[in-house]
Amino acid sequence: MKKREMNNLDLISINDMLTDNEEALQNLKFQKAMQQLEDPLKIKKIKKEIAQLKTIKKEFDLGLRGNKNEK
């Protein structure tokens, strides 16, 4: 997902994507351990996306972003 698209997400969507990406990262690491990983750069891309999502989530927590659809 591109950074522009991430900026338009609400907090609920960010939490959902963060959970999905963390599960995907765990699966990729498992595939790497079993030597079945076809594209090792996927791990790097997923880690980067997780970091970006966590940054956006932290900005919501600090009040730097608008609190739209927050629970």
Side-chain angles (χ1 to χ4, degrees):
M1 176 174 271
K2 294 186 178 186
K3 184 70 172 170
R4 278 183 257 143
E5 296 170 0
M6 283 187 203
N7 286 334
N8 296 327
L9 295 175
D10 59 347
L11 192 56
I12 297 168
S13 300
I14 289 172
N15 286 331
D16 291 342
M17 287 185 60
L18 192 57
T19 304
D20 293 341
N21 283 340
E22 288 173 344
E23 289 175 7
L25 180 62
Q26 184 179 6
N27 289 335
L28 289 172
K29 286 182 177 183
F30 182 71
Q31 288 178 6
K32 182 180 177 186
M34 300 298 290
Q35 297 178 349
Q36 296 176 347
L37 185 61
E38 294 177 10
D39 186 13
L41 293 179
K42 276 187 173 182
I43 292 176
K44 182 179 178 180
K45 291 176 186 176
I46 294 288
K47 281 183 170 183
K48 182 178 179 180
E49 192 168 314
I50 288 172
Q52 289 173 339
L53 289 169
K54 283 184 176 182
T55 300
I56 293 171
K57 184 177 175 183
K58 184 67 171 180
E59 289 174 357
F60 272 107
D61 292 343
L62 294 175
L64 299 175
R65 288 185 180 262
N67 294 333
K68 47 186 174 180
N69 297 334
E70 185 179 27
K71 280 191 172 180

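Looking at Ser13, its side chain never comes within 3.5 Å of a backbone N or O of Leu9 through a donor-acceptor pair.
No more than 12 heavy atoms of other residues, nucleotides or ligands shown are found within 6.0 angstrom of CD on Gln26.
Contact detail for Ile46 and Asn21: the closest heavy-atom pair is CG2-O, 3.5 Å.
Annotation: the span from Asn15 atom CG to Asp20 atom CG amounts to 11.0 Å, rounded to 0.5 Å. From Gln31, atom CD reaches atom CD of Gln36 across 6.5 Å, with rounding to the nearest 0.5 Å. Residue Asp10 holds its CG atom at 11.5 Å from CD1 of Ile56, rounded to the nearest 0.5 Å. If you take CD1 on Ile14 and CD on Glu59, they are separated by 9.0 Å, rounding to the nearest 0.5 Å. Atom CD of Glu22 sits about 9.0 Å away from atom CG of Leu53, to the nearest 0.5 Å. In this structure, CZ on Phe30 lies 14.0 Å from CG on Leu25, to the nearest 0.5 angstrom.
Each of Gln52, Lys57, Glu49 was scored for a side-chain contact (heavy atoms from CB on, under 4.5 Å) with Met17, with one residue passing: Glu49.
Arg65 places none of its side-chain heavy atoms less than 4.5 Å from the side chain of Leu11.
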*asked:* Quick one, Lys29 with Leu37, criterion side chain to side chain contact (heavy atoms under 4.5 Å, CB included). Give me CA distance, side-chain angles, the key distance, then yes/no.
replied: CA-CA 8 Å; Lys29 286 182 177 183; Leu37 185 61; over 6 Å; no
*Might you work through the side chain to side chain contact (heavy atoms under 4.5 Å, CB included) test for Lys42 and Asp39, ending with a clear yes or no?*
CA-CA 6 Å; Lys42 276 187 173 182; Asp39 186 13; 3.7 Å; yes
